Amino acid sequence: MSIVFLNNEFMPMEEAKISPMDRGFLFGDGIYEVIPSYDGKLVGFGPHIDRMNQGLEMIGIQFNWSHEQWQSICQQLIEKNGNGNLGLYLHVSRGADEKRFHAYPDNVEPTVYAFAFDIPAANIPDKSKVKGYRVATTQDLRWQRCNIKSTALLGNVMHFQHGHGQGYNETILFNAENNLTEGSACNAYIVKDGVVITPPLDHQLLPGITRHMLLDILRKHSDIKIEERNVSMEEVMSADEVWLTSSSKEIAPVIEIDGKPVGNGEIGDTWLAAQTLYTQHKHDY
Ligand code: PDD
């Protein structure tokens, strides 16, 4: 049985109830985070909470818990749900109003919900021990504020389903200029001639915490060159390697796009070098 946190109380998931007038339910009016935890150790906790606070500020929800408050909730959820490989889901919605009206209401208490769920074990930096992803592609039809980690995820859900429905593990997205933006639930990268290339941060993609940590680790601890710039569809289709990152995937190597092999169809050496460094340094954050 899963123990969750709702509005200052821990309880079995079955007992957690919110109002149907909650604006998270009616409008997707909220911000969320997913933080990975392995054997009780959270990865990237500080940057995740900072991003959540920035998101809440961007959408005008007056709510700013300290890192210590969130840390205590995460640690209790980990203890109550077993110390395995867990994702900590944290969610703050604007709260329940008495009417359905688009404007931000005054004097409404935000709804705070958090739970733990199983995630895959951390990647082992060994080509034979990691899953190669097969992905689909489609045009990115989401809104112009993908930098906000909003709970309104229907666009992402529909894009994920596009690939999932055809048996793929993810869907990578291209804007109207045919440049790569990200995956439906992850950031995306190519490797060409040993250079790691990923789209720059802007309104078209989420500033992933795994992305931030990976680029920082590579810059600090390796000679691997990094470019943050537009990546065209042709570059993706002719890349030596393609990777995805997210809190639950770490660095996932892509071996097939729309049924065509990436590079020679094998997991690449740059992935191995990057995942090795990420595994060594991810607890520095
Ligand atoms: N997804 N881009 C999108 C659209 C995402 O949904 C995510 C994360 C990322 C990667 O961000 P991070 O490295 O901070 O996890 C990029 C989460 C895990 C989810 O929705 O389940």
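Quick caveat: nothing in here was measured; it's all calculated off a predicted structure. Atoms within a ligand are numbered from 1 in the order they appear, just like the ligands themselves.
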With the criterion set at N/O pairs under 3.5 Å, what does the list of contacts between the protein and ligand 1 look like, atom names and distances included?
unit_1   : atom_1 : unit_2 : atom_2 : d
ligand 1 : 1 (N)  : A185   : O      : 3.3
ligand 1 : 2 (N)  : E182   : OE1    : 2.6
ligand 1 : 13 (O) : I209   : N      : 3.4
ligand 1 : 13 (O) : T210   : N      : 3.0
ligand 1 : 13 (O) : T210   : OG1    : 2.6
ligand 1 : 14 (O) : R51    : NH1    : 3.0
ligand 1 : 14 (O) : R51    : NH2    : 3.0
ligand 1 : 14 (O) : I209   : N      : 2.8
ligand 1 : 15 (O) : S247   : N      : 2.9
ligand 1 : 15 (O) : S247   : OG     : 2.7
ligand 1 : 20 (O) : Y32    : OH     : 2.7

Donor-acceptor contacts, no H, no angles, side chain residues 22-47, under 3.5 Å, sequence neighbours left out:
unit_1 : atom_1 : unit_2 : atom_2 : d
D22    : OD1    : G24    : N      : 2.8
D22    : OD1    : S93    : OG     : 2.6
D22    : OD2    : S93    : OG     : 3.4
D22    : OD2    : T111   : OG1    : 2.5
R23    : NE     : D29    : OD2    : 2.8
R23    : NH1    : F101   : O      : 2.7
R23    : NH1    : A103   : O      : 3.2
R23    : NH2    : D29    : OD2    : 3.0
R23    : NH2    : H102   : O      : 2.9
D29    : OD1    : R94    : NE     : 3.2
D29    : OD1    : R94    : NH2    : 2.9
D29    : OD2    : R94    : NE     : 2.6
Y32    : OH     : K149   : NZ     : 3.1
E33    : OE1    : H48    : ND1    : 2.6
E33    : OE1    : R51    : NH2    : 2.8
E33    : OE2    : R51    : NE     : 2.8
E33    : OE2    : R51    : NH2    : 3.4

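- Within 6.0 Å of the NE2 atom in H164, the count of heavy atoms belonging to other residues, nucleotides or ligands does not exceed 12.
- Checking Q75, Q69, Q76 one by one against S72, the side-chain hydrogen bond (donor to acceptor under 3.5 Å, both in side chains) holds for a single residue, Q76.
- Counted by atom type alone, S184 and E170 present one or more donor-acceptor pairs between their side chains at under 3.5 Å.
- The cationic group of K282 does not satisfy the cation-pi geometry with Y285, failing either the under 6.0 Å distance to the six-membered ring centre or the 45° limit from the ring axis.
- Contact check on R211 versus E228 returns a salt bridge, with a Lys/Arg side-chain nitrogen under 4.0 Å from an Asp/Glu carboxylate oxygen.
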